[in-house]
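Here is the naming used below: chain letters follow the sequence lines, and residue numbers restart at 1 for every chain.
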Amino acid sequence: MIERLSFGLATGEVLALVGRNGSGKTTLLRALALLVRPEAGAIRWQGVDVTADPETWRGRLAWLGHLEGLKGDLSVAENLRVAERLRGDASPDIGRVEAALAAFDLLGLADRPVRTLSAGQRRRAALTRVVLADAAVWLLDEPLNALDGPAQVAFRVALANHLAGGGLAIAATHADLGVAGGRTLELGRAG
Amino acid sequence: MIERLSFGLATGEVLALVGRNGSGKTTLLRALALLVRPEAGAIRWQGVDVTADPETWRGRLAWLGHLEGLKGDLSVAENLRVAERLRGDASPDIGRVEAALAAFDLLGLADRPVRTLSAGQRRRAALTRVVLADAAVWLLDEPLNALDGPAQVAFRVALANHLAGGGLAIAATHADLGVAGGRTLELGRAG
Amino acid sequence: MSGFAALVGRDLRLVWRRPGDVAVVLAFFVVATTLFPLGIGPEANVLARIAAGVLWCAALFSALLSLDRLFAADFEDGTLDLLLLAPWPLELAALAKCCAHWIVTGLPLAALAPVLGVAFGLGPEVLQALAVTLLVGTPTLSLIGGLAAALTLGARKSGALLALLALPLCVPTLIFGAGAIEALATGGDFGAHLAVLAALALVALATTPWAIAAALRQAGE
Amino acid sequence: MSGFAALVGRDLRLVWRRPGDVAVVLAFFVVATTLFPLGIGPEANVLARIAAGVLWCAALFSALLSLDRLFAADFEDGTLDLLLLAPWPLELAALAKCCAHWIVTGLPLAALAPVLGVAFGLGPEVLQALAVTLLVGTPTLSLIGGLAAALTLGARKSGALLALLALPLCVPTLIFGAGAIEALATGGDFGAHLAVLAALALVALATTPWAIAAALRQAGE
Amino acid sequence: MADLHFLANPARYRRFSQRVLPGLSIATVLMLAVGLYLALIQSPPDYQQGDTVRIMFVHVPSAWLGMAGYALLAGLGASLLVWRHPLAALMARAAAPVGASFTAICLLTGALWGRPMWGAYWVWDARLTSMLLLFFLYLGHIALSRAYDEPERGDRAAAILALIGVINLPIIKFSVDWWNTLHQPASVARLGGPSIHPSILLPLLWMAVTMFLLFVLLVMLRTDTEIDRRRLDNAEAQA
Ligand code: HEM
Ligand SMILES: Nc1ncnc2c1ncn2[C@@H]1O[C@H](COP(=O)(O)OP(=O)(O)OP(=O)(O)O)[C@@H](O)[C@H]1O
Ligand SMILES: Nc1ncnc2c1ncn2[C@@H]1O[C@H](COP(=O)(O)OP(=O)(O)OP(=O)(O)O)[C@@H](O)[C@H]1O
Ligand SMILES: [Mg+2]
Ligand SMILES: [Mg+2]
């Protein structure tokens, strides 16, 4: 589906995937996370093909898909705690969790079951999970979807911090990511 | 949930519902479509309470929810045809269908099963359905979600045509609708 | 009526796109029926004695299994909102959905049951009776199951819940369906049983569409 | 292991939030069991003869009915992607899910079956045997059903498809489970049957987690 | 129901229940004490059944209340769907488990009674089966009303179910009767013919009234709890 594509990223860089509807942004992100098997091509991390040791690669990733991956019956805080433990982090630091929740203005909603949240509130909870994962690589599919103005600002701040800390990020988006020093990759065709 | 709210619309007007995440935009749209029963308050069309004759009111509406209401196994064209017949329109005019598809650049995808479309392509198919419904009132929940640049332009043109033809529209959105003469209603609280 | 026909047509077309779905329900019917001889043991006289009951129970389970998606698919992809907003009675839409369901499950089940009955050692007259009772009884199952499906829309674990709601309501149909065949074997009044089955179908036809429509409306809220 | 415990804990917590879900499965078990006397007729000797088979079949259906959401919920809300991306073996995650499922269905089913057996006129020794066989046999059902649930992820009509996939694989367990009780009644070797049941459970434990993990991976694609 | 319209408002109902409940509780306890004396001590053992006959004083009233409870659910369902009385939903939620419990008590006492009388805890007799199905209808109602994220939706779905279920109840009863008589002529020895001896009739009626009061008391207490719970939930949702 996607052909002839090649790019490299240095630490501290963000890559915005843009392109017409159906140009393959979502598909590319899933391929990078090894969720779909690309027909050809390779993904290298510091020169080593990541398919050789997928678990280590997965440990480096934080993922935000089109779907949030939150359990409606658990509260925001419970969802975050389970997500951390599933990543293998036995006892997440409470202070960090609170700071991340505060950044997305979710402190007041932390104990609400996720099913009672509106579209944008859920999206913010999922972004909090990405921040807490403390991963080297963020893969984000339309992170700005459904976010209101202040939440978009919060996301930009979080992303800038992540990059400043030496992380890198790849995000599919139709809107402007609004982070300084970002690079853009335009996928062609479809529409 | 939503309190103390009152507005009127004249023909040819569009109302943008804006507000923080969770301020109740989606809920308000569903209430206007009589999909949820409001605890208090009234919706009047030309002075008459619409709950008195819900079927006539429904006949006046075209709806685009967060979910597209498209069947993944049917093609775009089949979906549109069924939607028209479910609205009671026995034989939709082929020329109109083609024109609407062309407006959203979907002619090439008309015979593709909807499940193979990307997020934005599906959204465009749903917008085509709204246009074809030929309804007096459009109720749209985040119509610009997932649309790429050209598709956003196509939507603005379609909306302008609808308004010029004496229709009216109410749309929840976080982005700028970008139509001249639009009014904005800001819902308060939540975030 | 155009909407009614359009809806039946759409559902049939969706099934036609995926003939496997019907095949799966029928296959389940076959597998479930064959499980009983495995669980119970192969004695011919016991099997023939229980055949009608087992086949009717299996038909009931099959119909219910295929029902849990009846409205759920429309609910999840937003089509239900469009049906709720259509300017014609929702009761007709409910009837159309159940009607389409019966065409793709009740009808083939009735056709398949006699074939399975042969494996239980039933005679030709009984096989025919089996088909007839299923033909008259399955519309009731589609209607009652449709109601249960509508009531459980948006509820969690709807598969088991649906069965729990529908099964007690389906008991009369089961009793008269299996009972009619029993009556045939023991010289009872087959016709009377069949008449009751038909009456049950009419009662279901007269009441469930309204209840389904009411359930769908509140699911949309 | 922290991830394994976290996943079992999360699933149990989700069930704990909704105790009704388990209750519904058990209620289905009860209702389904009572359908058979209604279809077959009330003769005590026939019923006692088929009781073990019917109860085992009903337990099988109940376990399968509750399985259709095992991975589907995680799939639909995107949690499955997170499990796939977790840096520990997916096989363990698969096992954790099946384990949680067994705790909330297999265990209570085994406890409930003897109570229902009373209604079929079974004696105390048989009732005890029923509980024991179910205790040993239901883990196999959870594992095989989990595999079927993983394989049908993303397919529509997965309820019936799941049953269709799982039922044939569960047949050996059913035969030896119901057979053990039969053996008890007819003076056969109950212990041998039970040993086979246990062996089946071990085989399932050794093979299905890998198959489930593979199925989940391809469902994510 | 029409006369109870004034109670449709939960706050007004709350005031009513606070006035009624103390007296009702005391009356129920006193009646129960007397009833137990009449049933367990004062009434003579049956010449055929011996002391097991005393089970009847619980068994029969719970059968009646189990059936009446479902009719109540249907009535409450109608008043929720037609008049949208908010109290009807809460009361249905409160009443369903109570009705189910009485049905269960009837089933259990019947089963315990069946052991000495028929030699089996359970036989597939028409009356037993239809009672069992009634119990399932209750279970469905309870499960459905709790299966939703929003309790209001559960209330309305359960109300629809109760209305359809009540149409089906006579159908079930009649079909089960026919089913049974077809296969098996009444092999079940029942006590009594048309006339029951007054020494048994009096405690029976006394217990029937007592258990009716108990039913009302339980439903009212549970309704109060449901009102509190709903208020708490709403308050939490607002917070
Ligand atoms: C689980 C088993 C049983 C169930 C579900 C059951 C159910 C019922 C029901 C529903 C009624 C009320 C009928 C009406 O008033 O319309 C009833 C009444 C009665 N039952 Fe049972 N029953 C059971 C076992 C027994 C047993 C073992 C006996 C004693 C031999 C018994 C004796 C009676 C009597 C004397 C009455 C009241 C008088 C009458 O209506 O004839 N029941 N039972
Ligand atoms: N299941 C599928 N089967 C066949 N083709 C598919 C399938 N899913 C997606 N496609 C096609 O693959 C292409 C890329 O889709 P993808 O979802 O990656 O696009 P995208 O860039 O994310 O678009 P959008 O901006 O609309 O989200 C599209 O042309 C789409 O039609
Ligand atoms: N099922 C529910 N139960 C309880 N509260 C809910 C439920 N659904 C939504 N809410 C609450 O209702 C409020 C309004 O939600 P709504 O979805 O209408 O917001 P919105 O304006 O559309 O937000 P967004 O911009 O995020 O889409 C929110 O505070 C939300 O948390
Ligand atoms: Mg995409
Ligand atoms: Mg919204």
E:Phe16 and E:Tyr13 aromatic ring geometry - parallel, tilted or perpendicular at 30°/60° bounds: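 Because their plane-to-plane angle lies in the 30° to 60° range, the rings of E:Tyr13 and E:Phe16 count as tilted.
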
E:Phe102 and E:Phe215 aromatic ring geometry - parallel, tilted or perpendicular at 30°/60° bounds: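 Plane angle between 30° and 60°, so tilted.
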
Derivation of the side chain to side chain contact (heavy atoms under 4.5 Å, CB included) call for E:Met207 and E:Leu204: CA-CA 5 Å; E:Met207 279 305 285; E:Leu204 181 61; 5.6 Å; no

Electrostatic pair E:Asp228-E:Arg14, nearest N-O below 4.0 angstrom: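 A salt bridge is present here (some side-chain N lies under 4.0 Å from a carboxylate O).
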
Basic-acidic side-chain contact under 4.0 Å: C:Asp74, C:Lys97: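 Salt bridge between C:Asp74 and C:Lys97, a charged N being under 4.0 Å from a carboxylate O: yes.
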
Portion of E:Ile167 that has a non-hydrogen atom of chain C nearer than 4.5 angstrom: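 Only the side chain of E:Ile167 comes within 4.5 Å of chain C.
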
Other residues, nucleotides, ligands: >12 heavy atoms within 6.0 Å of E:Glu152 CD: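 Atom CD in E:Glu152 is packed in, count exceeds 12.
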
Face-on cation placement of E:Arg153 at E:Tyr148 ring, 6.0 Å and 45° thresholds: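 Relative to the ring axis of E:Tyr148, which defines the angle, E:Arg153 lies outside at least one limit.
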
Residues from residues 167-178 of chain C approaching chain E under 4.5 Å (heavy atoms):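 The stretch touches chain E at C:Pro168, C:Leu169, C:Val171, C:Pro172, C:Ile175, C:Phe176.
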
Structural part of C:Ala219 lying under 4.5 Å from a heavy atom of chain E: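 For C:Ala219, heavy atoms of backbone and side chain both lie under 4.5 Å from chain E.
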
